[in-house]
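For reference, the structure is listed below as structure tokens.
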Amino acid sequence: MSLPDASQLTLIGRTSAWLPHLPAGPADRGAHPPRPASGARPLLVSWVHHRSYGTIGVYLAAAEAIQGTVLRRGQWLHITRRVQPCLAYALPDDPRSALALAYTPLLLEVTAIRTVDRARSQVPQPLLTIPRQARVLPARPGGLGRLVPLAHWADAIYWHATGEAPAVNATWNAVRGVVTRLGAYRYLRYVLSWQAPSPT
């Protein structure tokens with residue numbers, strides 16, 4: 001799932017609090033995520049919310065990357081950066097990873113942020129500038145569709161909405177964050193789908 005090129009995702013959303021999380025490493029390590037390194041420099045992490053795409057976890061690897069922007073809870077921000085999935089140590093109220101309760105999956109590595117007015121916050125679902133391919137699993141025979149995991153990253157899924165067997169690979173350019181509550185925990189999934197770009 002880690003993308004070798006600089007595929008960009010631009011979104012506007014309202015943030016949760018920005019809090020430090022210990023990094024655990026790339027999110028494509030399969031069933032054995034790494035433990036946070038002792039003495040690792042914390043990531044600055046927030047959840048960006050918008051009704052067009054749900055919840056997306058974003059992180060700053062370096063404090064100087066905010067370019068003087070004061071980061072507070074509840075801000076409307078415009079963020080553009082590459083998709084670079086990462087696992088971080090979960091705080092008690094975070095959405096968790098189904099792979100390991102001690103971790104939370106993040107999606108977007110951010111180095112440029114600017115504030116926007118709420119009046120300008122109504123934007124379409126963010127699209128990748130370069131469409132990507134996702135490997136999908138067959139749907140159950142006669143089923144109405146199911147969530148299927150991407151290879152090597154259990155916290156990203158592709159929604160296949162028909163009972164027909166899909167192609168081995170599916171093109172996607174849109175991401176939606178879905179939080180599901182199960183008992184005392186909340187689990188975060190990034191659902192990948194194709195959305196036709198609006199004509200300009």
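- The two residues P95 and T104 make their nearest non-hydrogen contact at O-OG1, 2.6 Å.
- Across all their heavy atoms, S16 and S46 have their closest contact at O-OG, 3.1 Å.
- R189 places no side-chain N or O within donor-acceptor distance of the main-chain N or O of R176, the cut-off being under 3.5 Å.
- When the options L91, L44, L87 are evaluated for a side chain to side chain contact (heavy atoms under 4.5 Å, CB included) with H21, the one that passes is L91.
- Heavy-atom minimum distance, T15 versus H49: C-CD2, 4.4 Å.
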Next item on the list: Decide yes or no on side-chain contact (heavy atoms from CB on, under 4.5 Å) for L19 and V45, but give the supporting numbers first.
Entry: CA-CA 5 Å; L19 296 172; V45 173; 5.9 Å; no
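- Distance CD/Q75 to CZ/R14: 10.0 Å, rounded to 0.5 Å.
- Side chain of Y190 to backbone of P105: a donor-acceptor contact under 3.5 angstrom is found.
- Within the model, atoms CG of L192 and CH2 of W172 stand 5.0 Å from one another, a figure rounded to the nearest 0.5 Å.
- Side-chain contact between V175 and Y53 is absent, with no heavy-atom pair separated by less than 4.5 Å.
- When every heavy atom of P23 is checked against every heavy atom of P42, the shortest pair comes out as CD-CA, 4.1 Å.
- Using a 4.5 Å cut-off between side-chain heavy atoms of Ile, Leu, Val, Met, Phe, Trp and Tyr, with links allowed through other members, L71 and I79 fall into the same hydrophobic cluster.
- Rounding to the nearest 0.5 Å places CG of N173 at 11.5 Å from CD1 of I130.
- Here the side chains of R96 and Y103 are not in contact, with every heavy-atom distance at 4.5 Å or above.
- A side chain to side chain contact (heavy atoms under 4.5 Å, CB included) with V48 is found for exactly one of V58, L107, L108, namely V58.
- To the nearest 0.5 Å, atoms NE2 (H78) and CG (L11) are separated by 8.0 Å.
- Atom-to-atom distance recorded for L106:CG and I56:CD1 is 11.5 Å, nearest 0.5 angstrom.
- Residues L182 and L101 fall within the same hydrophobic cluster, defined by Ile, Leu, Val, Met, Phe, Trp and Tyr side chains chained together at heavy-atom separations under 4.5 Å.
- Between Y185 and Y187, the ring-plane angle classifies as tilted under the 30° and 60° cut-offs.
- Between the CZ atom in R186 and the CG atom in D94 there is a gap of 7.0 Å [rounded to 0.5 Å].
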Next item on the list: Check the pair W47, V179 against side-chain contact (heavy atoms from CB on, under 4.5 Å), reporting the backbone distance first and the verdict last.
Entry: CA-CA 11 Å; W47 304 101; V179 178; over 6 Å; no
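- Residues V110 and W18 share a single hydrophobic cluster, defined by chaining ILVMFWY side chains whose heavy atoms lie under 4.5 Å apart.
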